[in-house]
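To find a chain, count down the sequence lines: A is the first, B the second, and so on, and within it residues start at 1.
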2 protein chains.
Amino acid sequence: MSDTTTSQSVRFEIDTPHRELLDQVLDKWSLQVLNELCERPSRFSELRRLVPAVTQKSLTATLRRLERNGVVERVVLSTRPVAIEYRITPLGKTLRPPVEAILTWAHEYMPDIEEARRRFDE
Amino acid sequence: MSDTTTSQSVRFEIDTPHRELLDQVLDKWSLQVLNELCERPSRFSELRRLVPAVTQKSLTATLRRLERNGVVERVVLSTRPVAIEYRITPLGKTLRPPVEAILTWAHEYMPDIEEARRRFDE
DNA sequence: CGGGATCCCAAGCGATACTG
DNA sequence: CAGTATCGCTTGGGATCCCG
């Protein structure tokens with residue numbers, strides 16, 4: 001059970017650091033923000049429009065967290081009145097396939113999930 | 001709500017029901033519980049040992065939620081003193097590949113993430 | 001425009017006690 | 001063993017105000 005063993009079994013341990021990483025990157029707003037930034041760089045106010053349910057505070061926190069984890073980049077554009085743009089990083093792009101896989105799953109099995117819920121609730 | 005744009009891009013909308021589903025299935029404890037149940041059916045007390053950090057209350061709530069969404073099954077075994085076993089369902093098994101993808105990502109890029117954090121924190 | 005600072009409430013979760 | 005019930009703290013997040 002030594003943590004440093006290089007076990008390449010198909011099964012992954014979900015230790016605290018990995019769980020915390022996923023919590024920071026797969027949380028409520030991050031998925032949607034990443035989804036938008038994968039499409040195109042956006043400014044703060046644009047993101048607020050693209051993700052209408054998010055508040056300013058939560059969006060700020062989400063962007064900081066994503067920036068800290070290296071998946072999003074905060075770029076200060078030296079335009080006339082400085083503008084600030086958020087971009088997906090190369091590291092952030094590597095997150096796209098697995099996120100897409102999980103979104104695909106959600107869309108594909110949503111009917112089954114909803115039926116399961118109906119059966120459970122009665 | 002209804003976007004009139006005909007975008008058949010690879011991109012998925014993350015609407016409220018889909019986001020809530022992912023919240024219920026990818027949350028803190030669910031990933032670990034699913035990970036264990038994919039290995040083998042387990043009883044309540046076994047799960048508590050396998051996922052030591054979870055409290056009884058949270059484990060109960062997690063199992064109920066997973067059961068409601070149809071990915072976990074609660075089976076009452078008619079042994080001498082009745083035993084209760086939790087099993088992954090066929091629907092739950094479909095969740096394995098995307099979850100594995102995200103775990104693989106976490107393990108693969110953890111070093112990059114940690115370096116990004118160090119750079120950000122200074 | 002892109003936030004920071006504050007207040008404040010509801011939800012989440014741990015701890016504890018009890019039950020069939 | 002497999003929970004339910006209750007309490008009380010901690011935290012996340014919304015709302016609001018303000019600032020460079």
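- By the neighbour-count criterion of 12 heavy atoms within 6.0 Å, atom CD of B:Glu39 is densely surrounded, having more than that number from other residues, nucleotides or ligands.
- For B:Tyr86 and D:dG3, the shortest distance from a side-chain N or O to OP1 or OP2 is below 4.0 Å.
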Atom pairs under 3.5 Å, N or O on each side, protein against nucleotides 4-12 of chain C: can you list them with distances?
residue : atom : partner : partner atom : Å
C:dG4   : O6   : A:Gln56 : OE1          : 3.3

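- Sorted by first then second residue, the salt bridge (charged side-chain N to carboxylate O under 4.0 Å, His left out) pairs that include residues 42-54 of chain B, not counting sequence neighbours, number zero.
- Sequence neighbours left out, the pairs with a member in residues 26-38 of chain A that pass salt bridge (charged side-chain N to carboxylate O under 4.0 Å, His left out) are A:Asp27-A:Arg65, A:Glu36-B:Arg11.
- The end-to-end axis angle of the helix from C:dC1-D:dG20 to C:dG20-D:dC1, rounded to 10 degrees and based on five pairs per end, is 50°.
- Annotation: proximity of residues 16-53 of chain B to DNA chain D (heavy atom, distance under 4.0 Å) is found for B:Arg43, B:Phe44, B:Ser45, numbered in ascending order.
- When rounded to the nearest whole Å, the span between CG of B:Leu63 and P of C:dC13 equals 14 Å.
- Within residues 69-76 of chain A, no residue has any heavy atom closer than 4.0 Å to DNA chain D.
- Under the rule for a side-chain contact (heavy atoms from CB on, under 4.5 Å), the partners of A:Ala101 that lie at least two apart in sequence or sit in another chain are B:Pro98.
- In terms of the side-chain contact (heavy atoms from CB on, under 4.5 Å) criterion, residue partners of B:Ala116 (sequence neighbours excluded) are, by chain and number, B:Arg119.
- Spacing between atom CG of A:Leu59 and atom P of C:dG2 amounts to 10 Å, rounded to whole angstrom units.
- Residues B:Leu95 and A:Ile102 are in side-chain contact: their nearest non-hydrogen atoms beyond the backbone lie under 4.5 Å apart.
- With no hydrogens or angles considered, a side-chain donor-acceptor pair links A:Gln56 and A:Thr60 at under 3.5 Å.
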Side-chain donor/acceptor pairs under 3.5 Å, residues 79-86 of chain A, sequence neighbours excluded:
residue : atom : partner : partner atom : Å
A:Thr79 : OG1  : A:Pro81 : O            : 3.0
A:Thr79 : OG1  : A:Ala83 : N            : 3.4
A:Glu85 : OE1  : A:Arg87 : NE           : 2.9
A:Glu85 : OE1  : A:Arg87 : NH2          : 3.3
A:Tyr86 : OH   : A:Arg74 : NE           : 3.4

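- Every residue two or more places apart in sequence or in another chain was checked for a salt bridge (charged side-chain N to carboxylate O under 4.0 Å, His left out) with A:Asp112, and none qualifies.
- Applying the salt bridge (charged side-chain N to carboxylate O under 4.0 Å, His left out) criterion to A:Arg40, with sequence neighbours excluded, gives no partner residue.
- Positionally, the nearest nucleotide of DNA chain C for A:Ile84 lies more toward the 5' end than for the other of B:Ser58 and A:Ile84.
- Between A:Arg19 and A:Asp23 a salt bridge is recorded (basic side-chain N to carboxylate O distance below 4.0 Å).
- With sequence neighbours left out, the salt bridge (charged side-chain N to carboxylate O under 4.0 Å, His left out) criterion links B:Arg64 to B:Glu67.
- B:Val75 and B:Leu91 sit in two unconnected hydrophobic clusters of ILVMFWY residues. Membership requires side-chain heavy atoms under 4.5 Å apart, directly or through other members.
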